[in-house]
Amino acid sequence: MVLKADGFSKVNDERKCSFYISDDLESQKVCKVLKNHVAWEVGVGDSSRIRKVISIGKCKYFLKVNALTHRNERIRTTLRIKRRGTYDWVLAEIDNGIRLAHLDYIPKVKAYGFKRNRLGLVTHAFVLMEFVESAHSVQELINKFPCRVNELVYASFGLIYKHIIDGFIHLDLWLGNIMLSECLKNGWLIDLEYCKFTKHPRLEEKLGYCLGYYHRHTLSGIMSLEQYLSIFNQWHQNTLGDMHCENINSFITKYSMNETARKTRFEMF
């Protein structure tokens with residue numbers, strides 16, 4: 001068994017595939033639809049990486065399929081081997097999504113599954129998530145409403161702060177992984193394969209890291225660091241009150257000006 005979570009029922013089919021379907025869905029109906037949508041062959045067209053919205057009955061869902069092309073990642077995924085305290089990315093996204101299902105800003109995992117080769121190694125993994133009709137990435141919203149960029153960046157700060165308070169840190173925050181409604185009243189975090197669960201205090205540095213990384217990756221091409229800090233200071237004054245703004249600003253500057261390697265990011269907190 002690769003990964004079995006409470007609230008999901010396992011269904012097998014003849015192609016060495018394992019489907020885990022949320023108990024609030026009709027498993028056979030979901031499996032039938034998934035078989036029609038999921039491409040299982042490595043390296044054929046775009047089948048090694050699928051991202052699309054599908055319909056099951058009257059509901060829409062977001063489907064992600066990933067092919068594992070390297071032997072070592074197939075072994076780690078099959079045996080559920082953790083490195084630095086977390087699963088490999090395809091398992092980590094599923095596991096983190098299920099662990100965070102109680103949060104209203106995390107799209108719910110509705111199904112997931114795996115295909116194995118004749119050696120029993122996982123070659124493909126998929127995850128089916130709820131589709132939030134009103135959600136758009138900050139990148140999409142900036143492209144659509146370029147005159148609202150300051151407002152959109154400001155709105156995303158609250159979600160970034162909230163997820164740290166809730167005990168985890170998303171280590172790959174950029175404009176594509178933060179979703180907002182057009183009215184900016186609701187937000188969601190996606191692509192959870194690179195998260196760390198930590199209640200270590202260091203709130204100022206965590207927030208500074210996330211906001212610095214957020215600026216460095218794509219926002220730096222839209223606005224200067226000075227403009228970005230000005231928006232943050234306004235948000236800070238309206239939201240955080242007595243938390244030391246200067247300390248957070250120094251961390252934002254540090255992580256905006258300096259690239260942090262992927263492995264280093266995970267070990268920092």
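For the numbers below, each heavy atom of this structure counts, side chains included, while hydrogens, waters and symmetry mates do not. Not measured: the values here are computed from a predicted model.
Between the His70 side chain and the Asn72 main chain, no donor and acceptor come within less than 3.5 Å of each other. In this structure, the side chain of Ser230 does not engage the main chain of Glu226 through any donor-acceptor pair within 3.5 Å. Within the 3.5 Å criterion, the main-chain N or O of Leu192 finds a donor-acceptor partner in the side chain of Asn96. Proximity of a side-chain donor or acceptor of Ser250 to a complementary backbone N or O of Asn247 within less than 3.5 Å is detected. At least one donor-acceptor pair closer than 3.5 Å links the side chain of His170 to the backbone N or O of Asp191. A distance-only check finds a donor-acceptor pair linking the side chain of Lys196 to the backbone of Phe266 [under 3.5 Å]. In this structure, the side chain of Asp95 does not engage the main chain of Leu91 through any donor-acceptor pair within 3.5 Å. A donor-acceptor contact shorter than 3.5 Å is absent between the side chain of Gln139 and the backbone of Gly176.
Leu68 is not listed as a side-chain neighbour of Thr123, based on a closest heavy-atom distance of 4.5 Å or more. Inter-residue side-chain proximity for Cys147 and Val149 is flagged as unmet; no heavy-atom pair is nearer than 4.5 Å. A 4.5 Å side-chain heavy-atom check between Leu34 and Phe126 finds at least one atom pair inside the cut-off. When side chains are defined from C-beta on, Ile75 does not count as touching Thr78, because their heavy atoms never get closer than 4.5 Å. At a threshold of 4.5 Å between non-hydrogen side-chain atoms, the residues Leu189 and Asn177 do not count as touching. Between Ser22 and Val109, the closest side-chain pair of non-hydrogen atoms is not below 4.5 Å. Residues Asn238 and Tyr154 have side chains in contact (heavy-atom distance under 4.5 Å, counting atoms from C-beta outward). Side-chain contact between His163 and Leu173 is present, with at least one heavy-atom pair separated by less than 4.5 Å.
The distance from the CG atom of Asn249 to the CG atom of Leu229 is 5.0 Å, given to the nearest 0.5 Å. One finds the CD1 atom of Ile56 at 13.0 Å from the NZ atom of Lys60 (value rounded to the nearest 0.5 Å). Considering CD1 of Ile248 and CD1 of Ile252, their distance stands at 6.5 Å, rounded to 0.5 Å. Atom CG in Leu207 sits 5.0 Å away from atom CZ in Phe232 (nearest 0.5 Å). The line from CG of Leu159 to SG of Cys210 is 10.5 Å long, rounded to the nearest 0.5 Å. Taking OG of Ser181 as the start and CE of Met179 as the end, the distance is 10.5 Å to the nearest 0.5 Å.
Annotation: Arg71, atom CZ; neighbour count of heavy atoms from other residues, nucleotides and ligands within 6.0 Å does not exceed 12. Counting non-hydrogen atoms of neighbouring residues, nucleotides and ligands closer than 6.0 angstrom, the CD atom of Glu259 exceeds 12 such neighbours.
In summary, the side chains of Asp88 and Thr77 do not present any donor paired with an acceptor at a separation below 3.5 Å, with no hydrogens or angles considered.
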Steps toward side chain to side chain contact (heavy atoms under 4.5 Å, CB included) verdict (Met223, Val153): CA-CA 10 Å; Met223 63 176 62; Val153 171; 3.9 Å; yes
Could you go step by step and tell me if Glu93 and Lys64 meet the salt bridge (Lys or Arg N to Asp or Glu O under 4.0 Å) rule? CA-CA 11 Å; Glu93 179 171 29; Lys64 298 176 70 173; 2.7 Å; yes
Go through it in stages, so that I can follow the logic: the residues are Phe114 and Phe19, the test is ring-ring contact (aromatic ring centres under 6.0 Å, His included), and I'd like the CA-CA distance, side-chain angles, deciding distance and then a yes or no. CA-CA 7 Å; Phe114 311 93; Phe19 296 90; 9.9 Å; no
Under the side chain to side chain contact (heavy atoms under 4.5 Å, CB included) rule, what do Phe8 and Ile98 come out as? Steps first, then yes or no, please. CA-CA 10 Å; Phe8 290 80; Ile98 293 171; 4.1 Å; yes
Side chain to side chain contact (heavy atoms under 4.5 Å, CB included) for Ser137 and Leu175? Distances and angles first, verdict last. CA-CA 6 Å; Ser137 72; Leu175 297 177; over 6 Å; no
After noting the C-alpha distance and the side-chain angles of Trp89 and Ile94, does the key distance pass the side chain to side chain contact (heavy atoms under 4.5 Å, CB included) rule? CA-CA 9 Å; Trp89 61 284; Ile94 297 167; over 6 Å; no
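A continuous path of ILVMFWY side-chain contacts below 4.5 Å connects Leu180 to Trp174, so both sit in one hydrophobic cluster. Residues Leu128 and Val33 share a hydrophobic cluster, clusters being chains of Ile/Leu/Val/Met/Phe/Trp/Tyr side chains in contact below 4.5 Å. A single hydrophobic cluster is seen to contain both Ile231 and Leu225, as judged by linkage of ILVMFWY side chains at heavy-atom distances under 4.5 Å, directly or through other members.
Between Tyr161 and Trp235, the shortest heavy-atom contact is CB-CH2, 3.7 Å. For His124 against Val122, the heavy-atom pair with the smallest separation is O-CG1, 3.4 Å. Taking both residues in full, the closest heavy atoms of Val65 and Arg51 are given as O-NH1, 3.3 Å, listed atom of the first, atom of the second, then distance. The two residues Lys162 and Asp104 have their closest heavy-atom pair at CE-OD1, 4.5 Å. Heavy-atom minimum distance, Ile106 versus Gly97: CG2-O, 4.5 Å. Of all non-hydrogen atoms in Ser156 and Ile178, the two that sit nearest each other are CB-CG2, 4.1 Å.
Sorted by first then second residue, the salt bridge (Lys or Arg N to Asp or Glu O under 4.0 Å) pairs that include residues 134-151, not counting sequence neighbours, are Lys144-Glu182, Arg148-Glu151. Sequence neighbours left out, the pairs with a member in residues 212-231 that pass ring-ring contact (aromatic ring centres under 6.0 Å, His included) are Phe157-Tyr228, Tyr209-Tyr213, Tyr213-His217, His215-Tyr228.
Glu73 and Arg76 are not joined by a salt bridge, as no carboxylate oxygen comes within less than 4.0 angstrom of a charged side-chain nitrogen.
Tyr20 does not carry Lys10 over the face of its six-membered ring by the limits of under 6.0 Å from the centre and within 45° of the normal.
For Asp24, the salt bridge (charged side-chain N to carboxylate O under 4.0 Å, His left out) partners two or more places apart in sequence, or in a different chain, are Lys110.
Between Tyr105 and Phe168, the two ring planes are parallel [angle under 30°; tilted spans 30° to 60°].
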